[in-house]
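Notes follow once the structure below has been shown.
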Amino acid sequence: MKISDVRTICTAPEGIRLVVVKVETDEPGLYGLGCATFTQRPLAVVTAVEEYLKPFLVGRDPDDIEDVYQSAYVSSYWRGGPVLNNALGGVDMALWDIKGKRAGMPVYQLLGGKCRHAAALYAHATGRDISEVEDEARRYKEEGYRYVRCQISVPGYSTYGSTISPGPQPLGLGSDPWEPTPYCRLIPKLFERLRDSLGDEVELLHDVHERVPPIQAVGLASELEPYHLFFLEDPFAPEDAEYFRLLRQRTATPIAMGELFVNQAEYVPLIRERLIDFIRVHISDIGGLSMARKLAALCEFFGVRTAWHGPGDLSPVGHAANLQLDLACHNFGVQEQHVFDERTREVFPGCPEIRDGYMWPSDSPGLGVDIDDVLAAKYPFPEDPLNGGWPPVRRLDGTVIRP
Ligand code: MG
């Protein structure tokens, strides 16, 4: 059996730019799908797949997943990074999908089989003030969610992950500014109230999104300790990872890190030194299922649990890949959820099912998700002057910060 074609399918049924890789074989009707979604630079990934990986891979045996990964990885000499990793990650997932279909088994069976029935999910509660966040978190709790990530708008600022409360726009920034101090003052008040009103049975999570100076993040993690978070995410940027040693000496607030990681040189030291508690990588960003299963195994030996990145800028194929690992890895922690709309579920038949706060597997062979090429083409990428790139976020004086 040989790989006969490698191509990308671009679609945006929810307006989010998704890139799916389709690897076809010379066996009629046998193909695999992988997620290669890098929604801020999707066209660069398409070029990497179609102009570089396709000619490298056509004629190869799709069964040789490890050799395909290793040889393609070094074929550019300068390797890694989010563009090349997503391109290769999409191919890698597609090869696992093919292998599962050939075996007549879901991919989690090839990874050792299920060690849980379904993957516990965390939902996203947001609001313009503490009461709105509290109401939304309570609603999720009543729906059966045991984990809720809570983000709150800081009045007047363009807070990450929450409803925006518009405020004055000094200096004509063109968007709401961001300042770290009002945010760092508000977050402990939010979690004091949530823990008090929601009780101890719900696990609470929060994402700092690398937006505050490192020493303020250390202080915030310490102040949140009395409220027993399940995890505090991305307190530092990857570039500031040296601060984890200081943070660990100050607080036992559990730490999740890594949705921006693209290289093992970034995550291996944090795991080896037991400086984080949850690994948050976006699996196509590190090279796909092959790299993610190795990473999960490494984490297991160092007490680190998995919490794979699972937002809307990951196709249902990517969510299905996360789910295979969630089911098969003993050190699963929690899975971020995205509830896909009806259009997306039509484009991607077999999209993983969400029910009672869990993501449930199907018994379909491979990753269990298909794509309707014709329907996918009905949802082209939206017009955008930045082609999906993010506009800047700035402080009151105009200084650009991390988004
Ligand atoms: Mg995050």
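We count ligands from 1, going down the list as the structure has it; atoms in each ligand are counted the same way. Position 1 is the first residue of the sequence, and the numbers go up from there.
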Review point. How about the Mg ion (ligand 1), which protein N, O or S atoms come within less than 2.8 Å?
Key: Asp207 OD2, Glu233 OE2, Glu259 OE1
Review point. Can you find a side-chain donor-acceptor pair between Ser290 and Glu66 that sits under 3.5 Å?
Key: no
Check your understanding: Is the Phe230 to His228 ring centre distance short of 6.0 Å?
Key -> no
Exercise for review: Would you check if there is a donor-acceptor pair between the side chains of Ser131 and Arg193 at a distance under 3.5 Å?
Suggested key: yes
Check your understanding: Got a sec, which residues hit salt bridge (charged side-chain N to carboxylate O under 4.0 Å, His left out) with Glu225, two or more places apart in sequence or on another chain?
Key -> none
Check your understanding: Which one of Tyr227, Phe231, Phe191 satisfies the ring-ring contact (aromatic ring centres under 6.0 Å, His included) criterion with His206?
Key -> Phe191
**Study point:** Name of the residue among Lys2, Lys99, Lys101 meeting salt bridge (charged side-chain N to carboxylate O under 4.0 Å, His left out) with Asp63
**Key:** Lys99
